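Take a look at the structure below.
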Amino acid sequence: MDDKVLAAQKWVNKTYAGVSGYTRCPEDGRTGWATMYSLTMGLQKELGISPVVANFGAGTLAKLTAHGSIGPDEPNVNIRKIVQHAMFCKGYWGGDGEGNFDLLMAESVAAFKTDAGLGETSGMVQPKIFKALLTMDAYVLLAGGSEKVQSIQRWLNGRYVNKSTFFIGPCDGHFSRDVQQALMKAIQYEVGIPEDQATGVFGPGTQAGLKSHPVAQGDSGIFVQLFSAACVFNEPVNDGVSTYVTSFKSAFDSSLKEFVEQFPAVLRAGCDRSWRLPDMGAIADLDRRP
């Protein structure tokens with residue numbers, strides 16, 4: 001039981017008890033989705049959304065974007081308090097809980113951004129940062145997680161956070177469907193699919209876009225990075241004799257070629273020298289994993 005989480009639960013339940021659509025969270029001092037949803041509904045109330053719902057969707061993000069970033073000069077004290085309580089629930093210092101957005105609070109926000117892989121590390125809470133704070137995603141390495149996977153998660157966040165259809169994902173070192181979708185969106189952005197059409201689904205448009213971007217040993221650049229990321233997400237590979245692993249890299253070297261050659265033929269291009277990136281999509285597709 002965490003006293004700061006308990007304080008957040010009691011505050012949000014008391015403050016928004018009479019709001020249309022509001023759902024109380026348990027007052028048990030344990031962070032969970034119920035608490036995050038209650039804080040989200042509190043934010044919606046402050047943004048003028050009615051009735052409130054247990055979801056930080058496009059409507060909430062649009063309202064928050066129109067409102068602007070949250071910082072020391074935010075006039076709505078309850079919005080500042082929601083940021084503080086969310087920070088505590090994520091395991092970061094959240095200030096005094098009274099809405100005072102001081103230097104320590106700003107430093108805590110900056111630390112969260114660093115953990116998420118973002119290059120912009122001011123103390124301001126931008127809309128996508130606020131959205132990330134109100135999830136149960138972790139931004140530190142969790143038990144059983146891979147530092148290599150975490151480095152890719154942070155890279156994806158840092159490179160694509162300003163894309164309209166990309167949202168800050170977990171940096172916990174675990175491959176998941178959310179991470180797979182982030183990788184797919186990255187592929188879509190890089191092959192030229194418009195942002196508003198980047199869904200994270202490996203469909204015909206993505207496959208068609210990848211056909212013009214083959215990668216081979218000796219190549220370097222963004223498509224090698226995406227390809228190697230997909231490979232890391234699927235390691236280790238065992239051919240019955242040896243176990244193969246790889247690393248996230250921007251240059252297609254002999255070790256990456258050796259790793260890819262261990263994949264079954266259905267996941268590889270039928271070519272001695274060039275691996276077509278449509279096959280990367282298959283490698284990255286969670287549903288195809290054994």
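Computed from a prediction, not measured in an experiment: that's the story for all the values here.
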Can you find a heavy atom in the side chain of [X] that is under 4.5 Å from one in the side chain of [Y]?
| X | Y | value |
| --- | --- | --- |
| Y92 | V109 | no |
| T23 | Y37 | no |
| S122 | K113 | yes |
| V125 | F101 | yes |
| Q150 | D172 | no |
| F130 | I82 | yes |
| M87 | M105 | yes |
| F175 | Q180 | yes |

Scan for salt bridge (charged side-chain N to carboxylate O under 4.0 Å, His left out) pairs involving [range], sequence neighbours excluded, and state none if there are none.
| range | value |
| --- | --- |
| residues 181-198 | R159-E190, K163-E195 |
| residues 25-36 | R24-E27 |
| residues 63-76 | none |

Fill in: Whether H85 and W11 hold their rings parallel, tilted or perpendicular, with breakpoints at 30° and 60°
tilted
[X] versus [Y], closest heavy-atom pair with distance:
| X | Y | value |
| --- | --- | --- |
| C171 | A116 | SG-O, 3.7 Å |
| L141 | E147 | CD2-CG, 3.7 Å |
| V224 | A251 | CG1-C, 3.7 Å |
| Q84 | D96 | NE2-OD1, 3.5 Å |
| A34 | C25 | O-CB, 3.5 Å |
| L39 | C89 | CD1-SG, 4.4 Å |

Worksheet item: Are side-chain N/O atoms of Q9 and T35 paired as donor and acceptor at under 3.5 Å?
Response: yes
Practice prompt. Please check if any side-chain donor atom of Y139 sits under 3.5 Å from a side-chain acceptor atom of N157, or the reverse.
Written response: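 Short answer, no.
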Euclidean distance, [Y] [atom2] relative to [X] [atom1], rounded to 0.5 Å:
| X | Y | atom1 | atom2 | value |
| --- | --- | --- | --- | --- |
| Q188 | T206 | CD | OG1 | 3.5 Å |
| F112 | T121 | CZ | OG1 | 13.0 Å |
| M41 | L134 | CE | CG | 11.0 Å |
| T40 | I49 | OG1 | CD1 | 10.0 Å |
| I168 | D178 | CD1 | CG | 13.5 Å |
| K10 | D3 | NZ | CG | 9.0 Å |

Worksheet item: Are the charged groups of R80 and E98 less than 4.0 angstrom apart, N to O?
Response: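 Salt bridge flag = no for E98 with R80.
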Discussion item. Between the side chains of K249 and D253, is the shortest nitrogen-to-carboxylate-oxygen separation below 4.0 Å, so that they form an ion pair?
Written reply: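 A salt bridge is present here (some side-chain N lies under 4.0 Å from a carboxylate O).
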Hey, is the main chain of [Y] close enough, under 3.5 Å, to the side chain of [X] for a donor-acceptor pair?
| X | Y | result |
| --- | --- | --- |
| T246 | C231 | no |
| S228 | Q225 | yes |
| T65 | L61 | yes |
| Q153 | G169 | no |
| D219 | A216 | yes |

Worksheet, complete the sentence: By side-chain hydrogen bond (donor to acceptor under 3.5 Å, both in side chains), E46 pairs with (sequence neighbours left out) Y16, N76, N78
Fill in: Flag if over 12 foreign heavy atoms under 6.0 Å of NZ, K45
no
Discussion item. Other members of the hydrophobic cluster containing M124, with the 4.5 Å side-chain heavy-atom rule, please.
Written reply: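 Besides M124, the cluster holds no residue at all.
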Practice prompt. Let me see the working for Q44 and T60 under side chain to side chain donor-acceptor pair (under 3.5 Å), right down to the final yes or no.
Written response: CA-CA 6 Å; Q44 291 169 346; T60 305; 3.0 Å; yes
Fill in: M136/K90 under side-chain contact (heavy atoms from CB on, under 4.5 Å): CA gap, chis, key distance, verdict
CA-CA 8 Å; M136 285 299 294; K90 298 294 282 188; 5.7 Å; no
Worksheet item: Ring centres of F259 and Y244 under 6.0 Å apart?
Response: no
Fill in: Residue of the set L133, T135, L43 for which side chain to side chain contact (heavy atoms under 4.5 Å, CB included) holds with F56
L43
Worksheet item: Can you pull the ring-ring contact (aromatic ring centres under 6.0 Å, His included) pairs that have at least one residue in residues 178-199, sequence neighbours excluded?
Response: Y160-Y189
Item to complete: Could you tell me whether K131 sits above the aromatic face of F167, with NZ or CZ closer than 6.0 angstrom to the six-membered ring centre and within 45 degrees of the axis?
Response: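 Yes, K131 and F167 form such a contact.
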